[in-house]
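Reading through the structure tokens given below for one structure.
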Protein chains: 2
Amino acid sequence: MRRLTDNTRTKIIDAGEKLLLKNGFNGFSYADIALALGIKKSSIHYHFPSKADLGLAVIQRARQRFSGWCERREIAAMADWDKLDRFFEIYRHYLTKSESVCLSGAMQTDFTTLPKPMQEETKGLVSDLLNWMDNFLDKGRKRGTFSFPGISCDQAVVVLAVMQGGLQMNRVLDSPIFDMAAAQIRCLLKS
Amino acid sequence: MRRLTDNTRTKIIDAGEKLLLKNGFNGFSYADIALALGIKKSSIHYHFPSKADLGLAVIQRARQRFSGWCERREIAAMADWDKLDRFFEIYRHYLTKSESVCLSGAMQTDFTTLPKPMQEETKGLVSDLLNWMDNFLDKGRKRGTFSFPGISCDQAVVVLAVMQGGLQMNRVLDSPIFDMAAAQIRCLLKS
DNA sequence: TGTTATCTACCAACTAGTAGATAGAATGTC
DNA sequence: GACATTCTATCTACTAGTTGGTAGATAACA
């Protein structure tokens, strides 16, 4: 019943997400998406009346995707070090398939220009990531897998900031900074 | 002779930098600057024919400011830990006086939409920061002040990413994440 | 027949940027 | 010193293109 519709809707979110990650929220327009998908601007407005609606949908889907990732048996069953690598892979993926940064990083720098609902959803996204990493590092240290000074929530900020920043610097300097930074984080959690 | 002119020119760069740090390069217009300074758009075009010229001037001035900071006797004469704190202060300043992120972070996420000359200048800015931090950490470790695993240029990426990301997350969540992250970096350089 | 999804054809506001007038200051010339 | 000229910096007024968004026709579908 909703087959074709959902398809278009999904394609619009896909294209929107791609452009958002590449150019930032103020760096693309409905015309860009229409061109990319070979449809008309007004068709996008049918599915997402305002640009804020589309932006919100992109962030909401990303949050769902992450919580789905967390709950996957395959992931949950993993050893700490493997799980950390898998988490890094989420970020590395952006780098590989398109010259993008991560969603949280992109939304954070555009933050003041975003409509309220998108700001709230962005807060939620960043909180999700920080909370998960905090919990993951804390448990890992208690189990004896990880070792780091101070409290886990501060270390979580460090790890996430390095993911974000590593992606951003890698793109700008076009050198393998992300992988070096990820390796350094692994070192810091061992020593 | 160039008194008034330079004054206006400087004021335009000031206003442009402020808006750039707050909203990103695609998040402000000449009209915004004109309004803020109480002048006309065309006066801005007189000093900076295109928006790219203004953007370039903002980055160039920031690079000069940083290299000036590095060369200041007061800074050069400082002990390592004090110098690190002073470096953190540069970033913390953005947070204090306006809800901004740092210039390198802002330019990095807008990167693909920037005109070539601005991209090149951004590369230069990020390189300046990374090179300085790399050298600073390396010397500090050789002197026995700092301690960290791996090579200093990887650790430099970590420190800078945490500055950038700490600022960004602090603004979004409106909680004192920046100071916590800075403290954690200090811990990581001790242990 | 009513609903869903797409289209064509608009619109007002805003974008970066240009052309040309004008006022005042600096400079050259007699 | 007086006068003309050039330069600097700003203004008003405009343009072409883009932005997000709307109205209404039309087709496809259930």
Side-chain angles (χ1 to χ4, degrees), chain A residues 1-20 22-59 106-107 110 112-119 121, chain B residues 1-20 22-59 106-107 110 112-119 121:
Chain A
M1 183 165 52
R2 287 270 172 74
R3 219 51 161 293
L4 272 165
T5 302
D6 280 1
N7 214 340
T8 303
R9 200 189 138 87
T10 303
K11 279 180 185 167
I12 293 169
I13 303 182
D14 288 343
E17 183 174 30
K18 199 171 167 182
L19 285 162
L20 181 46
K22 197 176 171 190
N23 303 338
F25 189 67
N26 298 316
F28 75 94
S29 71
Y30 270 29
D32 296 324
I33 300 179
L35 189 73
L37 299 182
I39 60 175
K40 297 295 163 182
K41 276 195 322 170
S42 44
S43 302
I44 308 175
H45 279 288
Y46 171 76
H47 293 280
F48 302 97
S50 79
K51 200 184 174 188
D53 295 320
L54 173 57
L56 197 64
V58 169
I59 313 176
M107 302 317 290
D110 286 342
T112 55
T113 67
L114 300 179
K116 270 272 163 61
M118 286 187 67
Q119 291 193 340
E121 203 66 30
Chain B
M1 185 166 48
R2 288 271 171 74
R3 221 50 163 293
L4 272 166
T5 303
D6 280 0
N7 216 340
T8 303
R9 201 188 136 88
T10 303
K11 278 181 187 167
I12 292 169
I13 303 182
D14 288 343
E17 182 173 30
K18 200 171 167 182
L19 285 162
L20 182 46
K22 197 175 172 192
N23 302 339
F25 190 66
N26 299 314
F28 75 95
S29 72
Y30 270 29
D32 296 323
I33 299 177
L35 188 74
L37 298 182
I39 59 175
K40 297 295 162 182
K41 277 195 322 171
S42 45
S43 302
I44 309 175
H45 279 289
Y46 170 78
H47 293 282
F48 303 97
S50 79
K51 200 184 172 186
D53 295 319
L54 173 57
L56 198 64
V58 169
I59 312 176
M107 302 317 290
D110 286 342
T112 55
T113 68
L114 299 179
K116 270 271 162 62
M118 285 186 69
Q119 291 193 339
E121 203 65 31

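The basis for the numbers below is simple: all heavy atoms, side chains too, and nothing from hydrogens, waters or symmetry mates. Chain naming here is simple, since letters A, B, ... match the order of the sequence lines and numbering starts at 1 in each.
When rounded to the nearest whole Å, the span between CD1 of A:I44 and P of C:dT4 equals 20 Å. Rounded to an integer number of Å, the gap from CZ of B:F48 to C1' of C:dT15 is 19 Å. One atom, CG of A:N26, and another, P of C:dC14, lie 15 Å apart when rounded to the nearest Å. Between the P atom of C:dT8 and the OH atom of A:Y46 lies a distance of 17 Å, rounded to the nearest Å.
The shortest non-hydrogen separation linking B:L114 to B:Q119 is O-NE2, 3.4 Å. In terms of heavy-atom proximity, A:A106 sits nearest to A:L20 at CB-O, 4.2 Å. When all heavy atoms are compared, the tightest approach of B:H47 to B:S43 is CD2-O, 3.2 Å. Annotation for A:N26 and A:D110: closest pair N-OD2, 4.0 Å, computed over non-hydrogen atoms. The two atoms that bring B:V58 and B:G16 nearest to each other are CG2-C, 4.4 Å, heavy atoms only.
For A:H45, the side-chain atoms get nearest to D:dT22 when compared with the rest of C:dT6, D:dT22, D:dC11. In the set D:dT8, D:dC11, C:dC7, D:dC11 carries the atom at the smallest distance from any side-chain atom of B:K40.
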Please list each protein N or O that sits under 3.5 Å from an N or O in nucleotides 15-19 of chain D, with the distance.
unit_1	atom_1	unit_2	atom_2	d
D:dT19	OP1	A:S29	OG	3.3
D:dT19	OP2	A:S29	OG	3.4

Pairwise N/O distances under 3.5 Å, protein to nucleotides 20-22 of chain C:
none

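For D:dT10, the OP1/OP2 oxygens have a side-chain nitrogen or oxygen of B:H47 closer than 4.0 Å.
Judged by distance alone, with hydrogens and angles left aside, the side-chain atoms of B:T112 form a donor-acceptor pair with the main-chain N or O of A:K22 at under 3.5 Å. The backbone N or O of B:F25 lies less than 3.5 Å from a partner atom in the side chain of B:K51, making a donor-acceptor pair.
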Would you sort out whether A:S50 and A:D53 count as a side chain to side chain donor-acceptor pair (under 3.5 Å), showing the intermediate values? CA-CA 5 Å; A:S50 79; A:D53 295 320; 3.1 Å; yes
